[in-house]
Amino acid sequence: MSSRNYPLNAWYVAAWDYELKKNAMLTRTICEKKVVLFRKPDGSSVALEDACWHRLVPLSMGTLKDGTIKCRYHGLVFDAAGKCVHMPSQDTINPSACVRSFPLVERHRFAWIWMGQPHLADENLIPDLHWNDHSDWTGDGGVIGLAASYELAIDNLMDLTHETFVHPESIGNDAIADAPFTVTHSHKQVTVTRWMEGIEPPAFWGAQLGKPGLVDRWQIIHFQAPSTVALDVGVAVAGTGAKEGDRRQGVNGFVLHTFTPTTGNNSLYFWSICRNYNLSSVRLTTEWRDAVKGIFAQDEDILEAQQKAMDANPAKVFYNLNIDAGGMWARRKIDEMIQAEQHATSAVPLRIVSE
Ligand code: FES
Ligand SMILES: [Fe+2]
């Protein structure tokens, strides 16, 4: 890519909490950079650049022991801060011998990484995905390696009329495409609200509600730039006040999505589905997760085919319809973040330094 289509000064999810281990390294490419992730003996998590200071061999090829990595090539050892703490063939350690370490914060079951300027890594900017580990909610999710740009995935989520056509047998029905919606936005956020009142429930939601008759259905899409979308979705028995705030006669889920640019037009798609009822039913958690996994596989097909078509037709442009209003605002928020970044880079030429 000639220019980045994402801001660097942002928190992106590097991994689920369960993917980080004390005895094994996880490698990921994030914002075009290879990183190696692991846990220290005290359980805290670490992200280092996956390239040895000496000759750039990936540290992930080495061995992890007690929170330090020994390079596979010449045995230099780096601690969790990225500092070299052992050089086998030298009495003294060059004080400049270190690899870059990245700010990494675990919150709401995700390990968030900051690939931009470290002094700007404010934890208060981590997107709110508290449904993932709040005691009022339960759920589970996964991660998808998406061969498409995260922007296409955001477009997809900001316009849920696609459910009518991509997911007709589960969550889609004509009511979505027919229902009006409103779009509001603030600094880094865009909200799209759609209510479908007195409709036949789609199959998935009808089964969740477990009651016959018409429903009021809501889809409230909360986007936070650059790449997080929390969908507040559910149905309630028609006319029981859900729209006014009383959801007691309904079932509510939050579908969480957050995307991490990897390399080229590829991304990591972290997702989960949470609910606030039947909290103790592990079976329901598994059923929801598997149902959503199948639904997202349908989106994946579309997005990857779309990306391929874009790559094959670089001169073609997109056209916007009314349904694209939410996505257009989301793209604008992303662009504002990219514009706001300072692009000054200090490219370090590869050179050999004698010790
Ligand atoms: S390349 Fe890592 S120690 Fe030489
Ligand atoms: Fe979808």
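The figures that follow rest on heavy atoms only: side chains count, while hydrogens, waters and symmetry mates do not. Atoms within a ligand are numbered from 1 in the order they appear, just like the ligands themselves. Numbers for residues simply follow the sequence, beginning at 1.
In this structure, a donor-acceptor pair under 3.5 Å is present between the side chains of H162 and D299.
Atom CD in E287 sits 7.0 Å away from atom OG in S281 (nearest 0.5 Å).
For ligand 1, the atoms sitting less than 4.0 Å from at least one non-hydrogen atom of L76 are 3 (S), numbered in the order shown with element in parentheses. Under a 4.0 Å criterion applied to the non-hydrogen atoms of R55, ligand 1 contributes the atoms 1 (S). The ligand atoms of ligand 1 that sit less than 4.0 angstrom from a heavy atom of C71 are 1 (S), 2 (Fe), 3 (S).
Using a distance-only test at 3.5 Å, with no hydrogens or angles considered, no donor-acceptor pair links the side chain of T240 to the main chain of A236. The backbone N or O of Y18 lies less than 3.5 Å from a partner atom in the side chain of K21, making a donor-acceptor pair. Proximity of a side-chain donor or acceptor of R28 to a complementary backbone N or O of V36 within less than 3.5 Å is not detected.
The two residues G250 and L209 come nearest to each other via the heavy atoms CA-CD1, 4.0 Å.
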Derivation of the side-chain contact (heavy atoms from CB on, under 4.5 Å) call for D155 and R331: CA-CA 8 Å; D155 290 344; R331 294 263 192 153; 2.6 Å; yes

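Residue H74 does not count as close to atom 2 (Fe) of ligand 1, with no N, O or S atom under 2.8 Å. Taking 2.8 Å as the criterion, H54 counts as a coordinating residue of atom 4 (Fe) of ligand 1, since one of its N, O or S atoms falls below it.
Within the protein, the N, O or S atoms lying under 2.8 Å from the Fe ion (ligand 2) are H162 NE2, H167 NE2, D299 OD1, D299 OD2.
In the displayed structure, Y73 atom OH is contacted under 6.0 Å by at most 12 heavy atoms of other residues, nucleotides or ligands.
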